[in-house]
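Below is one structure; the comments refer to it alone.
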There are 2 protein chains.
Amino acid sequence: MEYQEAKEKFISTWGSLGTLWGINKAMAQIQSLLFISTKALSMEEIMEELKISRGNTSMNLRQLMDWGIVTKELIPGERKEYFTTEKDVQELARHIAKQRSRREIKPVIKILKEVSSIKDDGTEKTKELIKQTKALHDLAETADSMMNKIVNQEQTWITKSLMKLIK
Amino acid sequence: MEYQEAKEKFISTWGSLGTLWGINKAMAQIQSLLFISTKALSMEEIMEELKISRGNTSMNLRQLMDWGIVTKELIPGERKEYFTTEKDVQELARHIAKQRSRREIKPVIKILKEVSSIKDDGTEKTKELIKQTKALHDLAETADSMMNKIVNQEQTWITKSLMKLIK
DNA sequence: TTAAACTTTCAGTAATTATTGAAAGTTTAT
DNA sequence: ATAAACTTTCAATAATTACTGAAAGTTTAA
């Protein structure tokens, strides 16, 4: 497999993985293009490379910046804006995990908390609702907190060794 | 908040969380309805409760069964089929993690492996592609394996203690 | 200022994905 | 065999989501 083929394969695979996880194709592809680029790219270059419109590029770049994984880079003397993505996979994972936690997981945990806190009227169905949403709440909290801890690398030597063990 | 409101809130929240993660609404809602139900439900009852068509119900139930999180239950003497979901959240998480790993993560890891194995022609861009996809490959493998280990509870006393630490 | 070089916005459209409902299929009882 | 009770399939349609492109907006240089 040659460079060009490999590059295209990577970008398109990453794009479809994105859609499978609720991230849109263009967004995932822009990010992956930047991820393997040796330099910051202009909007023009991104449009050209991915064959997408100016508007689409602009909007998705904005979203990527909102997520904190792409940043504008102003090249002195240049009028155009250039973009780069976080190149360190660990950092990248940290940003994504943090954002998805904040935007999606935390709000759901909150609702699970509310739902599982309704007053027990003694009926079987109410008991079941409380029991199951409570279990889900606990699971979600544990998973969320673990994910954050792991990705935040709040790792001492001991947790690192533990990681190796479970891995 | 009363039972009915709490129930509706739970089901609709779960449904929208689903869509956010690439799972369709009906599928998520059927699963959540079963999850808090005290008994197995027939197709009729699910349709009625969620106000969705017979076809939709049938197709999504099938998908849920393919994922291994819903099972048919045949009640003796009854002609209709009844459905239940896995009630244990741990088991549920295990099933989902296992399936997503198999269907989505593993194939992507495979492609990352391929892409990162192209021959190094010495150019900077090829080196970058190899380096970055390799990093992603390693991250994906670690994350996938950790997730599986965690949900599979292949936990000895030592991994359990470690879990507590990182948690 | 003005105008060139660029970016953003957004209404319209296209593409994708989900849903319906009725016909076809299956199973069970008689 | 027949028919009733049920489930599945799938073409048509609806709903959602993504994308385009041109107009409006912004910034910089002279």
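Below, read A as the first sequence line, B as the second, and so on, with proteins coming before strands; counting in each chain starts at 1.
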Please state how far atom [atom1] in [X] lies from atom [atom2] in [N], giving the value in whole angstrom units.
| X | N | atom1 | atom2 | answer |
| --- | --- | --- | --- | --- |
| Ile52(B) | dA18(C) | CD1 | C1' | 11 Å |
| Arg79(A) | dT28(D) | CZ | C1' | 4 Å |
| Glu44(A) | dT8(C) | CD | P | 13 Å |
| Glu78(B) | dA5(D) | CD | P | 13 Å |
| Met47(A) | dT20(D) | CE | C1' | 10 Å |
| Arg54(B) | dC10(D) | CZ | P | 18 Å |
| Ile75(A) | dA5(C) | CD1 | P | 18 Å |
| Met59(A) | dA18(D) | CE | C1' | 10 Å |

Pairing of [X] and [Y] as salt bridge, 4.0 angstrom limit:
| X | Y | value |
| --- | --- | --- |
| Glu128(B) | Lys39(A) | no |
| Glu114(A) | Lys110(A) | yes |
| Glu44(A) | Arg54(A) | yes |

Checklist entry - Can you check whether Asn56(B) has a side-chain N or O nearer than 4.0 Å to OP1 or OP2 of dT20(C)? => result yes
Next on the checklist: Please evaluate residues Glu124(A) and Thr38(B) with respect to the criterion side chain to side chain donor-acceptor pair (under 3.5 Å), reporting the C-alpha separation (whole Å), side-chain torsions for both, the decisive distance (0.1 Å), and the verdict.
Outcome noted: CA-CA 7 Å; Glu124(A) 197 192 351; Thr38(B) 53; 4.5 Å; no
Checklist entry - Of all the nucleotides listed (dT7(D), dT8(C), dC10(C)), which has the minimum atom distance to the side chain of Lys72(A)? => result dT8(C)
Checklist entry - What nucleotide among dT8(C), dT19(C), dC6(C) has an atom nearest to a side-chain atom of Asn60(B)? => result dT19(C)
Next on the checklist: Can you tell me if Glu2(B) has over 12 outside heavy atoms packed within less than 6.0 Å of its CD?
Outcome noted: no
Item to check | Residues touching DNA chain D, which here means a heavy atom under 4.0 Å, drawn from residues 14-38 of chain B | outcome: none
Checklist entry - With respect to Val108(B), which candidate in Ile111(B), Leu112(B), Ile105(B) satisfies the side chain to side chain contact (heavy atoms under 4.5 Å, CB included) definition? => result Leu112(B)
Next on the checklist: Checking Ser16(A) against Thr19(A): is there a side-chain donor and acceptor pair closer than 3.5 Å?
Outcome noted: no
